[in-house]
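Because only heavy atoms are used, hydrogens play no part in the values below, and waters and symmetry mates are left out as well, while side chains stay in. Reminder, nothing fancy here: chain letters follow the sequence lines and each chain counts from 1.
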Amino acid sequence: MATQKPSIPKGTRDFSPREMIRRNHIFRTIEEVFKTSGYQPLETPAMENLSTLTGKYGEEGDRLLFRILNSGDFLSGIAPAGLPGMDARSLARHIADKGLRYDLTVPFARFVVQHRHEIVFPFKRYQIQPVWRADRPQKGRYREFYQCDVDVVGSTSLLNEAELVQIMDEVFRRLEVGVEIRINNRKILAGMAEVMGVPDKMKDLTIAMDKLEKIGLENVIGELNDRGIPAEAVEQLKPVLGFQGGNAEKIAFLRNMLASSATGMKGTEELERLFGYLEQSDIGATCLLDLTLARGLDYYTGTIFEVVATEWLIGSICGGGRYDDLTGIFGMPGISGVGVSFGADRIYDVMLNTHKFPEAIESATPVLFLNFGEEEAGHVLPLLKALREAGISAELYPDPVKIKKQMSYANQRQVKVVVLIGKDELKEKMATVKDMTTGRQEKVSFEQLAEKVKSVL
RNA sequence: GUGGAUGUAGCUCAGUUGGUUAGAGCACUGGAUUGUGGUUCCAGGGGUCGUGGGUUCGAGUCCCAUCUUCCACCCCA
């Protein structure tokens, strides 16, 4: 067999021990915050039935789903004559009925409906697992990445939204990542489309508005025109796009602008109440009412969130919102949920580039016993066990190779303490303890070893 | 899915208008030092030049295709 160059699929990554220590620091911090707010852990399978996934993320989302080829003779049901006339899309419907999950929210909704009789509502869960998207990789964009979701379903209270903001604030405070939390409400966007006389164009409207920060006012207006929104409607939108003022002023402005839209007024009230809660919640990060925030996922119906890092531009590092009827598609209408998702990989990128990883999490190196041969190594085993029981991580070099080689290994592993027990030491029942940072070494009795090692560490 | 850039040793990169056997630094292995690392010195191993075609007497170098990575669009964590 010809040797092949080892590689991994496009957009996926290996994580080295050094990277894993840092990633785990992020995961543990997030999980800790989730737990202290009363959320419970949940996991779902990497793959879902394709019928569960399709149609939940919009047309673009469907395109980005990874499909899993059926097992067995999956072409048997297709007439060979029909094949040439079939495009990849329709063929895919016949030969794939499973797909990798695209996010954690839809599988969660599926879980809630499927287990509705076992669940006590309001149900609060968190879920930290990878998701897959067949997107083209780019800066901060991967085909396999981890999401850390917190959701609560079965409650329409805006206190849930406020709690999620608190969680976002606390996570990034603990990770020492500077952020701005942007908040909007889909009902506001629907209301705008309504008062502009283009209620069916809400999606086009939001896609264009969302780009304001990126492409500027002129280009947004151009895009609105291209998307078939009449000039007089665009004219009504201009004050929104150019609005300067604080959150309270924005709410007052909306109340005036959206007066004729029941939906719009509902959204305005929701925002007002949420910001009221936030004022009483002692939030450290900036919470900004962003009238141009849209978010592409189809299922959001109320409050929407997005978090961006202020010290490193990489797109959003956390996002989410309220979905009023996600469970309805699975046959359980009338259950409202709200949640946010932390993008662990992007948070990692931000922390790496802004040097936010604490040194302390990196230096958990063990004590190393050198291996002088079969007999000497045998005498090390009880000492090794004693150290470990004393809570000191320790290891014995497995092969009796040259001491120089073993020392070199210790050095590269950044081992702080090396213990040498050779023929000489065995005779006196002593161990030589070497401090690798100073280079100094000292002989101690086996009984004193743990204590001595501790003093050097 | 659209457009642009990229690929030479494990890593970072040289490589002339196309011309012998493709180089350097770091890393690795062995030795100076038969029980002592991080410094130094000496020696050594390692590359079908991303892959597949083509042009040419001759291709790392030119052309085409394809893949990877990166960047932008779309969309998004």
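- Judged by distance alone, with hydrogens and angles left aside, A:R133 brings no side-chain donor or acceptor close enough to the base of B:C76 to form a pair under 3.5 Å.
- For the pair A:K10 NZ and B:C70 C1', the interatomic distance rounds to 12 Å; values are reported in whole Å.
- In the interface, the side chain of A:K404 is not paired with the base of B:U36 through any donor and acceptor atom under 3.5 Å apart.
- Between the base of B:G3 and the side chain of A:R136 there is a donor-acceptor pair shorter than 3.5 Å.
- Rounded to whole Å, the distance from CG on A:L370 to C1' on B:G37 is 10 Å.
- A distance of about 15 Å separates the C1' atoms of B:U21 and B:G58, rounded to the whole Å.
- Remark: C1' of B:G1 and CD of A:E60 are 8 Å apart, rounded to the nearest angstrom.
- For the P atom pair drawn from B:A22 and B:G3, the interatomic distance equals 38 Å after rounding to whole Å.
- Between A:Q412 atom CD and B:G38 atom C1' there is a gap of 10 Å when expressed in whole angstrom units.
- In this structure, A:F27 and A:Y146 have tilted ring planes: the angle between them lies in the 30° to 60° band.
- Nearest nucleotide to the A:K211 side chain, out of B:G37, B:C74, B:A77: B:C74.
- Within 6.0 Å of CG on A:L313 lie no more than 12 heavy atoms contributed by other residues, nucleotides or ligands.
- The CZ atom of A:R413 sits 17 Å away from the P atom of B:G38 (whole-angstrom rounding).
- If you check distances only, the side chain of A:R141 never reaches the base of B:C71 with a donor-acceptor pair under 3.5 Å.
- For A:N411 and B:G38, a side-chain-to-base donor-acceptor distance below 3.5 Å is absent, hydrogens and geometry of angles not being considered.
- Atom NZ in A:K405 sits about 16 Å away from atom P in B:G35, given to the nearest Å.
- Once the 5.5 Å centre distance and the 30° plane angle are applied, the aromatic ring of A:Y409 is found not to be stacked with the base of B:G37.
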Task: Strand RNA chain B in bracket notation, Watson-Crick/G-U under 3.5 Å with | for pairs to another chain - done: (((((.(..((((.....[...)))).(((((.......))))).....(((((..]....)))))).)))))....
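- Judged by distance alone, with hydrogens and angles left aside, A:Q406 brings no side-chain donor or acceptor close enough to the base of B:U36 to form a pair under 3.5 Å.
- Contact between A:M436 and A:V417 at its shortest, heavy atoms only, is CG-N, 4.5 Å.
- In this structure, OH of A:Y142 is placed 17 Å from P of B:U68, rounded to the nearest angstrom.
- Side-chain nitrogen and oxygen atoms of A:K434 include none within less than 4.0 Å of the OP1 or OP2 phosphate oxygen of B:G35.
- Between the side chains of A:Q127 and A:T44, a donor-acceptor pair is found at a separation under 3.5 Å.
- Considering every non-hydrogen atom in both A:F446 and A:A431, the closest pair reads CE2-N, 4.0 Å.
- A:T327 is not listed as a side-chain neighbour of A:V153, based on a closest heavy-atom distance of 4.5 Å or more.
- Of the C1' atoms belonging to B:C75 and B:A9, the separation is 40 Å, rounded to the nearest Å.
- Among the atoms of the strands shown, base atoms are found under 4.0 Å from some heavy atom of A:G439.
- Taking the six-membered ring where tryptophan is involved, the planes of A:F342 and A:F34 are tilted, since the angle between them lies from 30° to 60°.
- Between the side chain of A:E425 and the base of B:G35, at least one donor-acceptor pair of N or O atoms lies under 3.5 Å.
- In this structure, A:Q441 atom CD and B:G37 atom P are separated by 11 Å, rounded to whole Å.
- Checked options A:R13, A:R141, A:Q147; the residue passing with A:D345 is A:R13 (criterion: side chain to side chain donor-acceptor pair (under 3.5 Å)).
- Nucleotides B:G46 and B:G52 place their C1' atoms 26 Å apart, quoted to the nearest Å.
- Closest contact between the side chain of A:K402 and the listed nucleotides B:G30, B:A77, B:G37 involves B:G30.
- A tilted orientation is assigned to the rings of A:Y102 and A:Y57, their planes being inclined by 30° to 60°.
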